[in-house]
**Q** 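Provided herewith is a single structure, encoded as structure tokens, for subsequent inquiry.
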Amino acid sequence: MTSVRSIVAGAGSYLPERIMTNDDLAKVVDTTDDWITERTGIKSRHIAAEGELTSDLALHAARAAIADAGIDVQEIDTIIMATTTPDNTFPATATTVQAALGLEHGAAFDVQAVCSGFVYALTIADTFIRAGQSKTALVIGAETFSRLLDWTDRTTCVLFGDGAGAMIVKAGEGEGTNADRGILTAHLHSDGRLKEKLYVDGGPSSTGTVGHVRMEGREVFRHAVVNIAEAITESLEATGLGVDDIDWFVPHQANKRILDSTAKRIGLPPEKVVMTVAEHGNTSAASVPLAFDAALRDGRIKRGDLVLLEAMGGGFTWGSLMLRY
Ligand code: ACO
């Protein structure tokens, strides 16, 4: 039986020019390269230049994805942008990208699910496409997360970075089997009771300020490994596929130790895990498409490969998505 599939036709990404190493950070807060490397696997992160906005990063990534997919920009009928660091409280940063791309048709909106944002946005794009609402969607994860950091708090400021990644997702036809190209299954979750473990202590309705990231690191770590492994199991059960079928695991890049523990828990060999956390840090909603694009550029991910995405972030929110590229 034929079925509509949401096919990833291309991807792109962008990192700001400025690189901040752990040694650079050690000049700002009481930390060391050894501590950060050992606890997180992070060696450096990119930081947006003054005046460089989330929409600027998003636009670079979007243009790269459009070129990679080889589509006419006017084919795009939906822009879904995952971000926690919008240019303005409103309008949605996606509409700024829409205008910069010269688009006057279709819908553009932001999704807020913090680090899980891209998995949420891609799942929404898939749902739109399968419902006939969209034929060609631009899905972006973009963050200037450095602007949410308290640069005097060494427990958080060492973890994050800025960047953007994007995908073009097009409607296509499949046979309704796991051999189809496109998104095969997606599973989203949230649990708002755990808000206090990872949140920003400000906002338009509460303080009238942007606020800073606050986190109970150990608690986040503990929940992350369990939730991510469960979401991955859901994707495997829904498709009937096994861990051995997965060609590439592209997880949210929060922390090397979380990724190692997750891979071990589900029995995935380390060589199948795409890891960019050392050079990118945690770029929140941008991390999954940034890692995906890195593995595409260096030739690891090829047409027909089975790719498993997952993410977990503030809320808590988490989810997994399986696609055949
Ligand atoms: N440099 C040096 N020392 C530090 C730093 C730092 N940057 N940060 C904390 N410390 C100190 C603490 O003060 C503490 O000192 P004490 O023992 O004298 O009190 C000591 O290091 C240990 O602190 P812990 O918080 O217990 O360290 P832990 O081993 O848990 O590592 C970390 C902290 C890296 C944050 C870890 O808990 C973690 O990775 N958690 C997951 C958080 C995460 O990834 N969040 C991202 C967003 S959510 C997501 O994307 C999944």
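Start at 1 and go down the list; that is how both ligands and their atoms are numbered.
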**Q** In the complex you have, is atom 51 (C) of ligand 1 within reach of the protein, judged by whether a heavy-atom distance drops under 4.0 Å?
**A** yes
**Q** Which protein non-hydrogen atom lies closest to atom 27 (O) of ligand 1, naming both residue and atom, and how far is it?
**A** Arg39 NH1, 3.2 Å
**Q** Tell me which protein heavy atom sits closest to atom 24 (P) of ligand 1, plus the residue, atom name and distance to 0.1 Å.
**A** Arg218 NE, 3.9 Å
**Q** Measure from atom 18 (O) of ligand 1 to the protein's non-hydrogen atoms and state whether any distance is below 4.0 Å.
**A** no
**Q** Strictly below 4.0 Å, N to O, side chains only: are Asp30 and Arg154 in salt-bridge contact?
**A** yes
**Q** Could you see which bit of Thr40 sits under 4.0 Å from ligand 1, with heavy atoms only: side chain, backbone, both or neither?
**A** side chain
**Q** So if I count the atoms of ligand 1 from 1 in the order they appear, which ones are less than 4.0 Å from some heavy atom of Thr155?
**A** 8 (N), 9 (C)
**Q** Does any N/O atom on Thr32 come nearer than 3.5 Å to any N/O atom on ligand 1?
**A** no
**Q** Under a 4.5 Å cut-off applied to non-hydrogen side-chain atoms, are Met322 and Ile183 in contact?
**A** no
**Q** Give the residue, atom name and distance (to 0.1 Å) of the protein heavy atom nearest atom 11 (C) of ligand 1.
**A** Arg154 NH2, 3.6 Å
**Q** Please find the pair of heavy atoms, one from Gly10 and one from Asp68, that lie closest to each other, and give the distance.
**A** CA-OD2, 3.2 Å
**Q** Are any of the protein's heavy atoms under 4.0 angstrom from atom 32 (C) of ligand 1, yes or no?
**A** no
**Q** Please tabulate, one pair per line, all N/O donor-acceptor pairs under 3.5 Å involving side-chain atoms of residues 98-109, not counting sequence neighbours.
**A**
from   : atom 1 : to     : atom 2 : distance (Å)
Gln98  : NE2    : His105 : O      : 3.2
His105 : NE2    : Gln74  : O      : 3.1
His105 : NE2    : Ile76  : O      : 2.8

**Q** Taking all heavy atoms of Thr84 and all of Glu143, pick out the closest pair and write down the distance.
**A** N-OE1, 2.9 Å
**Q** When rounded to the nearest 0.5 angstrom, what is the spacing between OG1 in Thr40 and NZ in Lys256?
**A** 10.5 Å
**Q** Right, does atom 45 (N) of ligand 1 have protein non-hydrogen atoms nearer than 4.0 Å?
**A** yes
**Q** Could you tell me whether some N/O pair between Gly217 and ligand 1 is separated by less than 3.5 angstrom?
**A** yes
**Q** Around atom 48 (S) of ligand 1, find the nearest protein heavy atom and jot down its residue, atom name and distance.
**A** Leu198 CD2, 3.3 Å
**Q** Heavy atoms of the protein only: does one fall short of 4.0 Å from atom 8 (N) of ligand 1?
**A** yes
**Q** For atom 20 (C) of ligand 1, what's the nearest protein heavy-atom neighbour? Residue, atom name and distance, please.
**A** Trp35 NE1, 4.4 Å
**Q** When only distance counts, is His252 in polar contact with ligand 1, meaning an N/O pair under 3.5 Å?
**A** yes
**Q** Members other than Leu15 in its cluster, when Ile, Leu, Val, Met, Phe, Trp, Tyr link by side-chain heavy atoms under 4.5 Å?
**A** Leu290
